[in-house]
Protein chains: 2
Amino acid sequence: MLEVAKKVALTRPAVRTDADLTGSTPPLGKPTMATIRDVARAAAVSTATVSRVLNGTARVSDETRRRVSEAAKRLDYWPNGSARSLIHSRTQTLGVLLPDIFGEFFSEVIRGIDKAVRDAGLQVLLSSSHSSAEGLLSAAKAMAGRVDGFILMAPDLEAESAVDRIRKRFPLVLLNPRTQTPGTVSVSIANYEGAFAAVSHLIRLGHKRIAIVAGPMGNADSDERLRGYRAALVAHDIEPDERLVLTGAFTEVSGYEAGSRILRLRPAPTAVFAANDGMAIGLISRLSEGGVRVPDDVGVMGFDDIPTARYLAPPLSTVRTDAYELGACAVSGLLDVLGAEGEVLDLRWVMPWDLVIRRSCGALHGPRGSLTTTTPETTSEPAQSRGPILQREEESC
Amino acid sequence: MLEVAKKVALTRPAVRTDADLTGSTPPLGKPTMATIRDVARAAAVSTATVSRVLNGTARVSDETRRRVSEAAKRLDYWPNGSARSLIHSRTQTLGVLLPDIFGEFFSEVIRGIDKAVRDAGLQVLLSSSHSSAEGLLSAAKAMAGRVDGFILMAPDLEAESAVDRIRKRFPLVLLNPRTQTPGTVSVSIANYEGAFAAVSHLIRLGHKRIAIVAGPMGNADSDERLRGYRAALVAHDIEPDERLVLTGAFTEVSGYEAGSRILRLRPAPTAVFAANDGMAIGLISRLSEGGVRVPDDVGVMGFDDIPTARYLAPPLSTVRTDAYELGACAVSGLLDVLGAEGEVLDLRWVMPWDLVIRRSCGALHGPRGSLTTTTPETTSEPAQSRGPILQREEESC
DNA sequence: TTGTATGCGTTATCAT
DNA sequence: ATGATAACGCATACAA
């Protein structure tokens, strides 16, 4: 096995060695790239003409067009984006401000944003891990003049004030906003409804003692899912028990730790609703270690339907929310706002969602009828579907 | 359950309603934000003085400083980033060009980049899903003048030519480069070594018939891992069998499909090395469905050690590569290049890695000694560790 | 200590 | 059809 390690060094000191330029490699660094003026000079025309040719913004004679194109290619001219932004007051860039991007959910959101943005010929300036108002604000400030608007997700209560200040300066789309501000475009996950449906399903299966592994308190998504959990219990005449409400951090390890606490609960719950799939994964792992079988001894439901969910053992029942589409819709919404020329748009999109019943929540041991379950091959049409539901409130003010 | 859906709409038409401005909400859109000239006017000083105050770049009398600061705050002045970039020829922004960012590995890479960039007071311009040379090049072109350099990952063979062109124009750090170009800084995963170690471990457990679920052909990471797989077999006097080499796409579903093919293999392999954890997850799921137990009937090893890996059933044995650190190191490397003032840096970092032995590869049923396994609680120190190995070649040319 | 003037790299508005 | 020139918003060299 020693052959695998050829050269071993220690840590990562920032070593900067002086270097003679060997003729072989082109001198890197800043060879000061050609500007539009260089092209103009080379083609013996004015910069205005170069601009016209390259942007196709006005008629140019075939001869000069040829000369300019040739010169631009020969000098390998690439226009300077900052200069263009300055002139046009348009950056062709969307700022994306997110909380801590951990796990597959955010990975998918970013993928969706990236895809939609590229399709629109735009760019993404990304900054994440914002939970405090100051952090959010300084990030936005650093992006001023470099973005045309923002896609903003700020689930943490403490960041709320920053959202308002950003809203006043920039076109904006909110992701899962905590409050419903008039004159704002937002795209949301059906947190409350999804949680309500998930817990209702567990109840329908016969469970009466249902625990929840919530996210961090003060997090908007977590709060809404917790609210849905409680509402479902109440709607089915089950008295909520605060001892069954555990707190996690939306990470696998926090679900694992919550599992330890659940194992000590007496009387033990017969089902657990985890506020996201990551925590469900950690939870199931811990329960199994504790000798508690899922779903035989305890049923588990997650939230998100991350790509991994259907491949777990047991496959995870969960609330499907299309994170990729969420990101794409946010872009689409921001484009609408940018196209609205100062008009105030008041749109609220809620993403479609589904209850995806796999094996982790178990089959019926209550009173009611039978239930189909899905395998990876057949799961494109979830057995238990609430959707697609696309809620949109739309007002102009 | 009907209560969960309150208002139902259909699809997402781009509706743009005219809107009268109600007095309550501030008129959004473009209220043309204050510029440095506005602040100068309000404070009755020159723009130069405003700049000096706000940047602390020269001494200013207390009285004017106060006036300027007050005016800036009152007008809520935010400097224009594009204008600053233009003047300084420094954008304070790093361009990040990635292939399709699917799954937890890339999620972690981006997190690492984002964190390091923010710590350095910079920004990230992100663009992904690049596999073709043209796509890569046009993305880079669109970023010209808006970034100081690039972090570039282009595992696909066809994108190679674009890398060279970008290298000539911009400071650059390569992620997992296919070839070792002189005068270039790169940060890499020990693809070959990790695969070699993983397969060697399977062999040591007594396996002789070992399949691989590789990534797409032509992908640099996949090719290297495949090479490591073959080398390990050869090194242990096992004749590679091409029928045991399957191709996937680094996704869960492709691992699932590969599982179907593996179930049909005769004679059946006793172990499978999946070129990443995502495929291992799909693979295990499919094998279980086929009545093949992991690890009892077949051992499985993955690659990456994504956060989920240790929580699977069975917990996944895999090659740990710190994707988060990979991203952070790339930023650090690019910062070095940017600080090197035109000097040519030739650095090649290889990230430390570990073999993480959990349960999916099974315990010894070969000739040799015993093996410790790790549980989630105790896994911070992997039982079977090859590292940390940090390989760094460093030359100046 | 402060102001004036110039330029960063573009594009748009005038001329011609 | 093409060229000179004035912005865009900011920071700096140079004067005062």
Side-chain angles (χ1 to χ4, degrees), chain A residues 30-69 71-72 75-93 141-148 169, chain B residues 30-69 71-72 75-93 141-148 169:
Chain A
K30 310 253 154 122
T32 43
M33 287 299 146
T35 72
I36 197 172
R37 253 191 292 264
D38 298 322
V39 178
R41 206 172 300 132
V45 294
S46 72
T47 60
T49 298
V50 175
S51 175
R52 284 190 271 254
V53 170
L54 266 30
N55 297 312
T57 163
R59 282 203 60 76
V60 178
S61 79
D62 287 352
E63 163 60 12
T64 50
R65 145 169 288 109
R66 200 196 49 72
R67 282 216 317 278
V68 169
S69 304
L75 297 178
D76 197 26
Y77 167 67
W78 292 15
N80 182 302
S82 289
R84 299 179 75 142
S85 296
L86 199 50
I87 276 260
H88 286 131
S89 306
R90 244 328 174 74
T91 64
Q92 311 286 31
T93 303
K141 221 168 236 176
M143 291 186 178
R146 310 169 57 91
V147 298
D148 294 328
R169 299 189 66 102
Chain B
K30 308 252 154 117
T32 44
M33 288 299 146
T35 73
I36 196 173
R37 253 192 293 261
D38 299 323
V39 177
R41 205 172 301 133
V45 295
S46 72
T47 61
T49 299
V50 175
S51 175
R52 285 190 271 254
V53 170
L54 266 29
N55 298 312
T57 163
R59 284 205 58 77
V60 177
S61 78
D62 289 352
E63 164 57 12
T64 50
R65 146 169 286 108
R66 200 196 50 72
R67 281 215 319 277
V68 169
S69 306
L75 297 178
D76 196 27
Y77 168 67
W78 292 15
N80 181 303
S82 290
R84 299 180 72 137
S85 296
L86 201 50
I87 279 255
H88 287 130
S89 305
R90 246 331 175 71
T91 63
Q92 312 286 33
T93 303
K141 220 168 238 176
M143 291 187 179
R146 312 171 55 91
V147 298
D148 294 328
R169 300 188 66 102

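Chain identifiers are assigned alphabetically (A, B, ...) following the order of the sequence lines, protein sequences preceding nucleic acid strands; residue numbering begins at 1 within each chain.
Between chain B and DNA chain C, the heavy-atom contact criterion of under 4.0 Å yields a 5' to 3' nucleotide range of C:dT1 to C:dG9.
With sequence neighbours excluded, no residue satisfies side-chain hydrogen bond (donor to acceptor under 3.5 Å, both in side chains) with A:S69. In this structure, B:T57 has no side-chain hydrogen bond (donor to acceptor under 3.5 Å, both in side chains) partners at least two apart in sequence or on a different chain. For B:A142, the side chain to side chain contact (heavy atoms under 4.5 Å, CB included) partners at least two apart in sequence or on another chain are A:Q123. Remark: B:S46 engages B:T49 in a side-chain hydrogen bond (donor to acceptor under 3.5 Å, both in side chains) (not counting sequence neighbours). For A:L54, the side chain to side chain contact (heavy atoms under 4.5 Å, CB included) criterion is met by A:V50, A:V68, A:A72, A:Y77, not counting sequence neighbours. Under the rule for a side chain to side chain contact (heavy atoms under 4.5 Å, CB included), the partners of B:R41 that lie at least two apart in sequence or sit in another chain are B:R37, B:D38. Taking the side-chain hydrogen bond (donor to acceptor under 3.5 Å, both in side chains) definition, one finds that A:S51 meets it with A:N55, sequence neighbours left out.
Residue pairs that meet the salt bridge (charged side-chain N to carboxylate O under 4.0 Å, His left out) test with at least one member in residues 44-65 of chain B, sequence neighbours left out, are B:E63-B:R66, B:E63-B:R67.
If you take CZ of B:R90 and C1' of D:dT12, they are 18 Å apart, rounded to a whole angstrom.
Two end axes, each from the C1' atoms of five base pairs, can be drawn for the helix from C:dT1-D:dA16 to C:dT16-D:dA1; they diverge by 50°, to 10 degrees.
Once rounded to the nearest 0.5 Å, the distance linking CD1 of B:I87 with OG of A:S82 reads 11.5 Å.
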Quick one: which protein N/O atoms are closer than 3.5 Å to N/O atoms of nucleotides 2-4 of chain D? Pair and distance per line, please.
from, atom 1, to, atom 2, distance (Å)
D:dT2, OP1, A:S61, OG, 2.8
D:dT2, OP1, A:T64, OG1, 3.1
D:dT2, OP2, A:S61, N, 2.6
D:dT2, OP2, A:S61, OG, 3.4
D:dT2, OP2, A:T64, OG1, 2.8
D:dG3, OP2, A:S46, N, 2.9
D:dG3, OP2, A:S46, OG, 3.2
D:dG3, OP2, A:T49, OG1, 2.7
D:dG3, N7, A:R52, NH2, 2.6
D:dG3, O6, A:R52, NH1, 3.3

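Between B:N55 and the phosphate of D:dA11, there is a side-chain N or O to OP1/OP2 separation shorter than 4.0 Å.
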